[in-house]
Amino acid sequence: MTLQIYNFMTRRKEEFRPVHEGFVGIYVCGPTVYGHSHIGHAKVYVSFDIMARYFRYLGYQVRYVQNITDVGHLTDDADEGEDKILRRARQERVEPMEVVQTYMRSFFEDMDALNVVRPDISPRATCHIPEQIELVEALLETGHAYEADGSVYFDVASWPEYGKLSGRKIEEQEEGARITINPDKKNPADFAVWKAAEKGHILRWPSPWGPGYPGWHLECSVMATKYLGQPFDIHGGGLENVFPHNESEIAQIEAATDERFCNYWVLNNMVTVDGVKMGKSLGNFVTIKEALSRHDPMTIRFFVLSSHYRSPTDFSEEALDAAGRGLERLYGSVQLLRERLRDADGEEVDPAWAQKFEEYRQEFVKVMDDDFGTPQAIALLFDLGREVNTLLNSGQPVSRATLEAIDGLYRELGGTVLGIIPDELVQQADSELVGGLVRMLIELRQQAREARDWEESDRIRDQLAQMGVMLEDGPQGTRWRLSH
RNA sequence: GGCGACGUAGCCAAGUGGAAAGGCAGCGGUCUGCAAAACCGCCAUCACGGGUUCAAAUCCCGUCGUCGCCUCCA
């Protein structure tokens, strides 16, 4: 079995074949940095983080490119309205590049919290203006674009394949659709590849057609091919961008170069809030920072991965709470395992477990190979957890080597690939002072218990519980853990 | 109006032709001084109606419902 990926272009799962053996190039549409990132961003970038991690796990050398859009997207329409970054700059009375810098930092902060590995290249649109102008020139030369009043438009009618990704035909985009009539355009579906800057538009660059700024699809076509070549392997992004953004990306570069843009289109489904799409324009979006104020970052990541990337995810506080409790269960096994590891010995791995490790690994690869089946992969970790709990609570001696091997499996599958099991769980990383104090209280409670003073022992337990320290009595003595 | 996705237990969510994963919640049990944690057990005729098939949650047709795209949005 080899890796199968659902290719949105063909609407089928296909075996993954890289352009260059052993290498994989991934481009994912990045954020426009004019506000804090929301849960929808979390789903996309966690999803593609998993893909990058899994490719690396399989031994590929990955180049993951994710742009930063710091210019050019308008508030209303492709051609009307105000640049969102400019508007924010005006509102906050700062330079546009201060807006960009602020929210770019915010974005990476959030991604770091969610344990998303940073992209290998985070190219910015404003750093690639000359390349974008070159592509516009190429489109004019090949007759796929025309100039009008300082702006340059892509001529949709000149390229019959327009619509092949989204399954749309230009003729069908008729009444009901809100297409603004722009007298400069030959066809209402034509879109700007270069836009003349009106007076007062701060973000502007000189060009053969006068001062202006790039069209809003151009940067992705240009930066993806600049860093990954053409064709490259995987283009990713959110499903809501399939039209017109992704469609236009393809049109520009393929019309200009007469060569395929990329081989696999991988688009993730959206996040809804109580069943309704979360959107900046709807004002119902939940920022990652808000979610982080109420939930552990790993809970959010776990929540995202517990549904498939191509399924819509409905965000609710209840669902997040339930995910958090599920994750706690997973951590319980790992915690117990690592505690037991502290004073275990024995050099031999239990052969029955050696067998299990192979089975879990194989099954994990099997479900991940099927279009990145993270929900099934997580289910496997729960199965493993049950077996581990049974083993560790059985009272049987378990060799150090076996415990280490189990821990290694958690680190490999849950840590390296899924990124939901940290190398150090919170309690382990906690201060020696706290640990010492808690152990002292456990000792005092133990004395009360031995004196059958249940009132006192329960008082200690209850008060610690109120502070978030949970005590658990077992045959091996009393353990403690922090509840989140 | 056009295009597309989805509808699986109280909730979240896999499974896309051959005995319905997993998690949360709930119930019963084991363990415990009592708890907690853990373990064992229980808990779904897969929106509805037809059809194809030896066999359908899975394929086809229809109905109802939810959502998305067609305007910036991850």
Side-chain angles (χ1 to χ4, degrees), chain A residues 11 28-32 34-35 37-45 47-48 73-84 163 166-169 171-180 189 216 236-245 267-272 275-282 285 302-303 306-308 310-314 316 318-330 332-333 335-336 367 370 373-383 385-386 388-390 392-394 449 452 454 457-458 461-462 465 470-475 478-479 481 483:
Chain A
R11 310 288 168 110
V28 176
C29 290
T32 303
Y34 68 103
S37 303
H38 54 64
I39 292 294
H41 295 99
K43 175 156 171 129
V44 196
Y45 301 118
S47 297
F48 286 98
H73 284 194
L74 303 180
T75 48
D76 288 320
D77 181 274
D79 313 309
E80 306 299 328
E82 191 179 8
D83 183 307
K84 286 178 286 194
S166 59
R168 283 168 213 278
K169 295 185 173 61
E171 313 84 68
E172 284 170 358
Q173 312 291 319
E174 24 97 35
E175 75 251 41
R178 292 151 289 180
I179 291 172
T180 317
W216 51 293
L239 197 53
E240 83 286 351
N241 272 334
V242 67
F243 189 92
H245 180 62
L267 304 176
N268 69 277
N269 217 314
M270 279 161 287
V271 175
T272 56
V276 180
K277 179 198 169 184
M278 163 157 47
K280 287 180 179 172
S281 49
L282 290 171
F285 62 92
F302 175 81
F303 172 71
S306 59
S307 66
H308 191 81
R310 282 193 289 114
S311 298
T313 299
D314 192 40
S316 69
E318 299 72 46
L320 259 284
D321 287 339
R325 284 192 291 271
L327 191 59
E328 278 301 306
R329 177 175 162 75
L330 219 46
S333 312
Q335 178 93 16
L336 183 60
V367 299
D370 185 6
T374 56
Q376 299 99 309
I378 286 172
L380 276 175
L381 291 183
F382 278 106
D383 291 339
R386 178 171 295 112
V388 169
N389 287 333
T390 300
L392 297 183
N393 292 327
S394 67
R449 294 181 74 206
R452 307 188 77 78
W454 308 129
S457 74
D458 289 352
R461 186 174 64 194
D462 293 346
M470 312 304 289
L471 298 190
E472 292 167 9
D473 300 326
T478 299
R479 301 173 60 222
R481 62 186 177 86
S483 72

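To find a chain, count down the sequence lines: A is the first, B the second, and so on, and within it residues start at 1.
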Engineer: What integer distance in Å separates Arg479(A):CZ from rA37(B):P?
Structural biologist: 12 Å
Engineer: What's the OH-P distance between Tyr45(A) and rC73(B), to the nearest Å?
Structural biologist: 11 Å
Engineer: If the C1' atom of rA9(B) is compared with that of rA47(B), how far apart are they to the nearest Å?
Structural biologist: 14 Å
Engineer: Pick base, sugar-phosphate or nothing for Gly238(A), based on heavy-atom distances below 4.0 Å to the nucleic acid.
Structural biologist: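 Contact class for Gly238(A): sugar-phosphate only.
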Engineer: Go ahead and name the base partner of rU16(B); Watson-Crick or wobble counts if both distances stay under 3.5 Å, otherwise write none.
Structural biologist: none
Engineer: If I take atom CZ in residue Phe243(A) and atom C1' in nucleotide rC3(B), what distance separates them, rounded to the nearest angstrom?
Structural biologist: 10 Å
Engineer: Both Asn389(A) and Asp321(A) contact RNA chain B. Which one's nearest nucleotide lies toward the 5' end?
Structural biologist: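 Looking at the nearest nucleotide for each, Asp321(A) comes out on the 5' side.
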Engineer: Here's a test of your reading of the structure: between Met270(A) and Gly332(A), which maps to the more 5' nucleotide of RNA chain B?
Structural biologist: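 This one resolves to Gly332(A).
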Engineer: Where along nucleotides 7-22 of chain B does protein come under 4.0 Å, by heavy atom, of base (B) or sugar-phosphate alone (S), with - for untouched nucleotides?
Structural biologist: ------SSS-----BS
Engineer: Using side-chain heavy atoms (C-beta onward) and a distance below 4.5 Å, is Leu336(A) in contact with Asn393(A)?
Structural biologist: yes
Engineer: Just call it for Val28(A): base, sugar-phosphate, or nothing, with non-hydrogen atoms closer than 4.0 Å on any strand.
Structural biologist: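 Counting heavy atoms under 4.0 Å across all strands, no contact is made by Val28(A).
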Engineer: How does protein contact run along nucleotides 25-34 of chain B, one letter per nucleotide 5' to 3', with B for base contact, S for sugar-phosphate only, - for none, heavy atoms under 4.0 Å?
Structural biologist: S-------BB
Engineer: For a 4.5 angstrom cut-off between non-hydrogen side-chain atoms, does Arg461(A) reach Met470(A)?
Structural biologist: no
Engineer: By the 4.0 Å heavy-atom rule, please label Leu392(A) as base, sugar-phosphate, or nothing.
Structural biologist: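 Answer is nothing: Leu392(A) stays at 4.0 Å or more from every strand.
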Engineer: With rounding to the closest Å, how many angstrom separate the P atoms on rA38(B) and rA25(B)?
Structural biologist: 9 Å
Engineer: So, is Asn268(A) close to the rA74(B) phosphate, meaning a side-chain N or O under 4.0 Å from OP1 or OP2?
Structural biologist: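 Answer is no, no contact under 4.0 Å.
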Engineer: Determine the Euclidean distance between corresponding P atoms of rU52(B) and rC61(B); express it in Å to zero decimal places.
Structural biologist: 15 Å
Engineer: Considering every strand shown, what is the Watson-Crick or G-U wobble mate of rA38(B) when both distances are under 3.5 Å?
Structural biologist: rU30(B)
Engineer: For the pair made of CZ in Arg481(A) and P in rA37(B), what is the distance, rounded to whole Å?
Structural biologist: 7 Å
Engineer: If only atom types and distance count, is the side chain of Thr374(A) paired as donor or acceptor with the main-chain N or O of Ala377(A) below 3.5 Å?
Structural biologist: no
Engineer: Are there over 12 heavy-atom neighbours, none belonging to Arg11(A), within less than 6.0 Å of that residue's CZ?
Structural biologist: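 Atom CZ in Arg11(A) is packed in, count exceeds 12.
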Engineer: Does Ser166(A) have any side-chain hydrogen bond (donor to acceptor under 3.5 Å, both in side chains) partners at least two apart in sequence or in another chain, and if so, which?
Structural biologist: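 side-chain hydrogen bond (donor to acceptor under 3.5 Å, both in side chains) list for Ser166(A), sorted by chain: Glu247(A).
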Engineer: Looking only at atom P, what distance separates rA57(B) and rC46(B), rounded to whole Å?
Structural biologist: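 Between the two P atoms, the distance is 7 Å.
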Engineer: Looking at rU52(B), which nucleotide sits across from it as a Watson-Crick or G-U wobble partner, both distances under 3.5 angstrom, or is there none?
Structural biologist: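 Pairing partner: none.
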Engineer: Can you check the Gln335(A) CD to rA38(B) C1' distance for me, whole Å?
Structural biologist: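 Distance check: Gln335(A) CD to rA38(B) C1' gives 14 Å.
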Engineer: For the residue pair His38(A) and His41(A), categorise the inter-ring angle as parallel (less than 30°), tilted (30 to 60°) or perpendicular (more than 60°).
Structural biologist: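 Because their plane-to-plane angle lies in the 30° to 60° range, the rings of His38(A) and His41(A) count as tilted.
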Engineer: Heavy-atom distance under 4.5 Å between the side chains of Ile39(A) and Lys43(A), does that happen here?
Structural biologist: no
Engineer: Please give the nucleotide sitting opposite rC73(B) as a Watson-Crick or G-U wobble pair, both distances under 3.5 Å, or none.
Structural biologist: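 By the stated definition (distances under 3.5 Å), nothing pairs with rC73(B).
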Engineer: Between rA74(B) and rC64(B), how far is it from one P atom to the other, in whole Å?
Structural biologist: 35 Å
Engineer: Using the P atom in both, what is the distance from rG28(B) to rC67(B), to the nearest Å?
Structural biologist: 38 Å
Engineer: Considering only atom P, compute the distance from rU45(B) to rC39(B) and round it to an integer number of Å.
Structural biologist: 27 Å
Engineer: Got a donor-acceptor contact below 3.5 angstrom from the Asn269(A) side chain to the Ser311(A) backbone?
Structural biologist: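 Not confirmed, Asn269(A) side chain does not pair with Ser311(A) backbone.
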Engineer: Tell me: CG of Leu330(A) to P of rA37(B), nearest whole Å?
Structural biologist: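 That distance rounds to 16 Å.
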Engineer: Once you round it to whole Å, what is the distance between C1' of rG4(B) and CZ of Arg310(A)?
Structural biologist: 14 Å
Engineer: Looking at Asp473(A) and Arg479(A), is any side-chain nitrogen of the basic one under 4.0 Å from a carboxylate oxygen of the acidic one?
Structural biologist: no
Engineer: Work out which heavy atom in Ala319(A) is nearest to a heavy atom in Phe303(A); give both atom names and the distance.
Structural biologist: CB-CE1, 3.6 Å
Engineer: Pick the C1' atom in rC59(B) and in rG22(B), then give their distance to the nearest Å.
Structural biologist: 27 Å
Engineer: Do Thr313(A) and Thr272(A) touch side chain to side chain, with heavy atoms closer than 4.5 Å?
Structural biologist: no
